[in-house]
Amino acid sequence: MTEPHALPQSLAVLGSTGSVGVQALDVAHRHRIPVRLLTGNRNVSLMEEQARAYLPHAVVMADPHAARDLAQRLLDTPVRVSGGTEAICDEIRAASADVTVNAILGEAGLMPTLAAVECGGRLALANKESLVIAGKIVKKRAREAGCEIIPVDSEHSAIYQCLRGGRPADVQRIWLTASGGPFFGYTPEQLAHVTLADTLAHPTWKMGRKITVDSATMMNKGFEIIEAVHLFGLSEDRIRVLVHRESIIHSAVEYIDTAVIAQMAVPDMRLCVAYALAAPDRIPGGCEPLDLCRVGKLTFAEPDTLAFPLLEEARAAIRCGGASPATLNAANESAVAAFLSGQIPFASIADIVCETRRTFADTAKTAATLPEILEQAAAARRYADSLIEKV
Ligand code: NDP
């Protein structure tokens, strides 16, 4: 008889009302994994639905108004409702779930990551910004607390899986694949005229709005280089980005004997969530099987770092060290929010992010503690906002 799969006995899903969060709950439902904690920000209607369906011990909305509204709606249930970022961290510790999935968007995910890490257990990490901002600190605290971080980001999940094919010391380099986004092959002149609707039309993945914009600028791939440096302990020059339009190969590991082990699947985040929940076991996530004959061909190209400068800017940030990646992220969060609200054109995102990161490079370099890093990030955010005002 085969052994049963090692499923978690309890789950916390942070950012459950978002694109990844909803897919994480779908996997939990499929395998009847009890959910102890759900968190969101403003989407009260969806959170009410989720709370009634999963009956967690606690639900937290980062936005206090949303929390008050939700508390009224859930009066007839035993679910405990609270509001604010500190409450999210408190409830993570109280839940102390076997697996905490962090699918919160942006810098707001950092303190919840640290709270989850403190609990030990397993952190299924989608919130790449936690590692971009404070990768060294997150990794150190995870080591100290005995917390295992399993990436949910599809590329890093793929690399994690490919690394099971050899010894870490025998890795030559990582191939990080990129779809290239909706504007692959565009010149800077063409990029000057793209609209919000063009930007949100991602060719292969359906994701939240912010990461969809990050994919179009290739900032997302830049963040993923930084994420990979922290997760896998390789320097940035051993991480090669490869444009692969079909998003079938999710990344690969090249070993010293020149063998390349790649992971392939139809693009679906539920595969990555399912793997992060059960690894090293494999459980179905409800994904469609891969039919390579239907895909027909797989293509590869070098990224265009002139048209998409944020890729190289991320490499510069990780080489600079300290709070430089955090200032890159802060400037990007401001610029993308301004683009999404129609304040600035697409092409200004890269200008604002590059100028902000470079302005702070010297002071950011020496930041080492969490308060120092967050202070630099806040200053970079203010500076980026001042640049946005001038566009
Ligand atoms: P979404 O925008 O779809 O969802 C974000 C989630 O975070 C929502 O639950 C939202 O709440 C919550 N949230 C937003 N702001 C805050 C805040 N200030 N405090 C607490 N919670 C907040 O994002 P995605 O699901 O697309 O992405 C989530 C993370 O996963 C990101 O870090 C992204 O880079 C990463 N990722 C996403 C992938 C994808 O396929 N979408 C793939 C790989 C990584 P509410 O909706 O209630 O306002």
Side-chain angles (χ1 to χ4, degrees), residues 12-27 37-51 59-67 69-70 81-89 91-92 101-113 115-116 123-133 150-159 176-179 181 200 202 204-215 217 219-224 226-228 231 247 250-251 267-273 275-276 285 287 329 332-333 336-337 340 381:
V13 182
L14 319 179
S16 65
T17 48
S19 162
V20 175
V22 165
Q23 298 181 78
L25 284 180
D26 184 77
V27 177
L37 169 66
L38 295 175
T39 82
N41 186 27
R42 294 208 176 115
N43 193 341
V44 176
S45 320
L46 180 56
M47 186 56 97
E48 181 185 359
E49 248 176 63
Q50 293 180 344
V59 167
V60 190
M61 300 301 275
D63 181 288
H65 298 288
D69 184 2
L70 185 69
V81 180
S82 54
T85 304
E86 269 187 32
I88 294 181
C89 295
E91 291 291 6
I92 291 167
V101 178
N102 186 354
I104 293 175
L105 180 69
E107 189 179 312
L110 174 61
M111 298 320 272
T113 285
L123 171 62
L125 188 60
N127 177 264
K128 63 190 84 185
E129 295 88 346
S130 297
L131 292 173
V132 170
I133 298 166
I150 313 276
V152 171
D153 217 351
S154 59
E155 295 77 2
H156 304 74
S157 173
I159 295 161
L176 193 64
T177 53
S179 71
L200 293 179
H202 195 278
T204 47
W205 289 97
K206 196 170 163 5
M207 309 178 285
R209 284 157 63 91
K210 194 259 180 186
I211 186 175
T212 305
V213 177
D214 288 346
S215 297
T217 60
M219 182 75 276
N220 183 50
K221 209 48 57 183
F223 286 154
E224 288 178 5
I226 302 175
E227 188 184 3
L231 282 172
S247 296
H250 297 298
S251 277
D268 187 328
M269 288 305 290
R270 290 176 303 175
L271 171 63
C272 314
V273 171
Y275 188 75
C287 313
N329 177 67
N332 185 61
E333 286 192 14
V336 172
L340 284 171
R381 200 177 289 268

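For ligands, and for the atoms within them, numbers begin at 1 and follow the listed sequence.
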Inset, instruction - Taking only Lys NZ, Arg NE, NH1 and NH2, and the carboxylate oxygens of Asp or Glu, determine whether Glu129 and Lys210 approach each other closer than 4.0 Å. - result: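 Lys210 and Glu129: salt-bridged.
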Any idea which of [options] brings a heavy atom closest to [atom]?
{"atom": "atom 20 (C) of ligand 1", "options": "Gly15, Ala62, Ser16", "answer": "Ala62"}
{"atom": "atom 47 (O) of ligand 1", "options": "Leu14, Val101, Asn220, Thr17", "answer": "Thr17"}
{"atom": "atom 15 (N) of ligand 1", "options": "Leu70, Val273, Asn41", "answer": "Asn41"}
{"atom": "atom 31 (C) of ligand 1", "options": "Thr39, Val20, Ile104, Asp214", "answer": "Ile104"}

Please determine if [X] has a nitrogen or oxygen closer than 3.5 Å to a nitrogen or oxygen of ligand 1.
{"X": "Glu129", "value": "yes"}
{"X": "Ile211", "value": "no"}
{"X": "Ile88", "value": "no"}

Inset, instruction - Without swapping roles, check the side chain of Ser157 against the backbone of Asp153 for a donor-acceptor pair under 3.5 Å. - result: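 It does not hold such a pair.
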Inset, instruction - Ignoring hydrogens and angles, tell me if any N or O in the side chain of Asn102 forms a donor-acceptor pair with the backbone of Ala126 under 3.5 Å. - result: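 No.
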Need the ligand 1 atom indices (1-based, order shown) with element for anything under 4.0 Å from a heavy-atom of [X].
{"X": "Ala108", "value": "17 (C), 18 (N), 19 (N)"}
{"X": "Asn127", "value": "32 (O)"}
{"X": "Gly208", "value": "3 (O), 26 (O), 41 (N)"}
{"X": "Asn43", "value": "45 (P), 46 (O), 47 (O), 48 (O)"}

Inset, instruction - Decide yes or no for Glu91 and Thr39: does some side-chain heavy atom of the first lie under 4.5 Å from some side-chain heavy atom of the second? - result: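 No - every pair of side-chain heavy atoms lies 4.5 Å or more apart.
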Legend entry - 4.5 Å side-chain heavy-atom contact, Glu48 and Leu70: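 Yes - at least one pair of side-chain heavy atoms lies under 4.5 Å apart.
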Legend entry - Proximity flag Lys210 to ligand 1, non-hydrogen atoms under 4.0 Å: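 No.
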Legend entry - ligand 1 contact by Ala103, heavy-atom criterion under 4.0 angstrom: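 Yes, that is the case, since the closest heavy atom of the residue is under 4.0 Å from the ligand.
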Inset, instruction - Can you see which heavy atom on Thr177 is nearest to which on Ser251, and at what distance? - result: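 In terms of heavy atoms, the two residues are closest at N-OG, 3.3 Å.
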